[in-house]
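This report refers to the structure that appears directly beneath it.
Chain letters run A, B, ... following the sequence lines, proteins first and then strands; every chain starts at 1.
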2 protein chains.
Amino acid sequence: MAKYDEQLDRYFTALGDPTRRAILSRLARGPASTSELAAPHDMALPSFLAHLRKLEAAGLVTSDKQGRVRSYSLTPDALRPAQDWLSEQRALWETRLDQFDDYVTNLTQERTDGPRSQD
Amino acid sequence: MAKYDEQLDRYFTALGDPTRRAILSRLARGPASTSELAAPHDMALPSFLAHLRKLEAAGLVTSDKQGRVRSYSLTPDALRPAQDWLSEQRALWETRLDQFDDYVTNLTQERTDGPRSQD
DNA sequence: ATGTTACCTAGCCATATGGCTAAGTATGAC
DNA sequence: GTCATACTTAGCCATATGGCTAGGTAACAT
């Protein structure tokens, strides 16, 4: 499964930067224009715009330009995919940690010197 | 809050790569050695090792070397922080989307021409 | 002791990322 | 029309990232 999910790449990569997470937190308090968003960040505007573009490419925010002002807001269900992926993984491997626990117990008791390739 | 959470940076950045997510999925099926993990990836070993190191630096996996074999396994609660951050953000902004809805309604009714800088 | 296996280190290279300045475009104000 | 505002584009630069080969080092096998 998963034929190389580039969207998920952009997603997590976008979240892996403090400036971008700060933007998201700020937007959580309501929509804002480019310059409003940029103000607290000590960074030239073009550099800042690059972050906004990445967030938008990742589907985390959307923007709408009216006149000369571009307004950004959070994409409503944007974090769902990440949460889904994470909880899926977590479920998978918590199950597995249990099974592994079994396996080790088993091994200790039986002393079967086999490899663990159980793929 | 959040005085620049570098761990969260490493975390999300580590997840933002298909090879590394594949490693995690593989490990969800049980611990494995370096070469077992590397096998399905068409990549030179040193390049692959770099991914493993990033996952470990992010706290997503742990490793243990016995003899000449290093075995990797998932860090049990590793995905919690990411999940927590995500659901916190989501809660925040879903609340806010409601509040914003209120705000807009209010604005439409009262016609108060105030700025929205409420940070 | 010699060889093989399994991993590690060092160093190189190409591209991506994240920052900058300078200059351009388009809208709103006068 | 002229000017200020609010982005946007273009192009430069330094560092980080992700890949490679070549050559270790340490453990197991013979």
Query - Residue-phosphate contact under 4.0 Å: A:Lys65 side-chain N/O, C:dT27 OP1/OP2 - result: no

Query raised in the report: What's the CG-P distance between B:Asp9 and D:dA16, to the nearest Å?
Result: 14 Å

Report task. Check for a donor-acceptor pair, side chain of A:Ser73 on one end and backbone N or O of A:Pro31 on the other, with a separation under 3.5 Å. Result -> no

Query raised in the report: Across the strands shown, which category fits B:Ser35 at heavy-atom distances under 4.0 angstrom: base, sugar-phosphate, nothing?
Result: sugar-phosphate

Report summary line: So ring pair (Phe, Tyr, Trp, His ring centres under 6.0 Å) across residues 45-64 of chain A, not counting sequence neighbours, yields A:His41-A:Phe48

Query raised in the report: So what does A:Ala44 touch, heavy atoms closer than 4.0 Å: a base, only the sugar-phosphate, or nothing?
Result: base

Query raised in the report: Can you tell me if the side-chain N/O atoms of A:His51 get under 4.0 Å from OP1 or OP2 in C:dT17?
Result: no

Query raised in the report: Rounded to the Å, how far apart are B:Arg20 CZ and D:dG19 P?
Result: 8 Å

**Report entry** Separation between OG1 of A:Thr34 and CG of A:Leu45, rounded to the nearest 0.5 Å
**Finding:** 7.0 Å

Query raised in the report: Which nucleotide sits closest to the side chain of B:Leu49: C:dG18, C:dC20, C:dC8?
Result: C:dC8

Query raised in the report: How close or far is atom C1' of C:dG18 from atom CG of A:Leu55, stated in whole angstroms?
Result: 14 Å

Query raised in the report: Of all the choices, D:dT8, D:dC20, C:dC20, which nucleotide is nearest to the side chain of B:Ser47 once you look at every atom?
Result: D:dC20

Report task. For the side chain of B:Val69, starting at C-beta, report the closest nucleotide among D:dC20, C:dC7, C:dG18. Result -> C:dC7

Query raised in the report: Are B:Leu15 and A:Thr13 close enough that some pair of their side-chain heavy atoms sits under 4.5 Å apart?
Result: no

**Report entry** DNA chain C: 5'-proximal contact among B:Tyr72 and A:Pro46 (nearest heavy atom)
**Finding:** B:Tyr72

Query raised in the report: Regarding A:Glu56 and A:Thr62, is there a side-chain donor-to-acceptor distance under 3.5 Å anywhere?
Result: no

Report task. Quickly work out the B:Asp42 CG to D:dC20 C1' distance and round it to whole Å. Result -> 12 Å

Report task. Return yes when atom CG of A:Asp42 has more than 12 non-hydrogen atoms of other residues, nucleotides or ligands closer than 6.0 Å, and no otherwise. Result -> no

Report task. Would you kindly give the CZ-to-C1' distance between A:Arg70 and D:dT5, to the nearest whole Å? Result -> 16 Å

Report summary line: A:Leu37 CG to D:dA6 C1', in whole Å, measures 13 Å

Report task. Using only side-chain N and O atoms of A:Arg53, determine if any of them is under 4.0 Å from OP1 or OP2 of D:dT8. Result -> no

Requested in this report: Measure the distance from CG on A:Leu52 to P on C:dG19 and round it to the nearest whole Å.
Outcome: 12 Å

**Report entry** Expected output: side-chain A:Ser63 to main-chain A:Tyr72 donor-acceptor under 3.5 Å
**Finding:** no

Query raised in the report: What is the distance from CE of B:Met43 to P of C:dC7, rounded to the nearest Å?
Result: 16 Å

Requested in this report: Kindly say if A:Thr34 contacts the phosphate of D:dC7, meaning a side-chain N or O under 4.0 Å from OP1 or OP2.
Outcome: yes

Requested in this report: Using a strict 4.0 Å threshold on nitrogen-to-oxygen distance, state whether B:Asp17 and B:Lys54 make a salt bridge.
Outcome: no

Show the distances under 3.5 angstrom between N or O atoms of the protein and N or O atoms of nucleotides 25-30 of chain D.
none

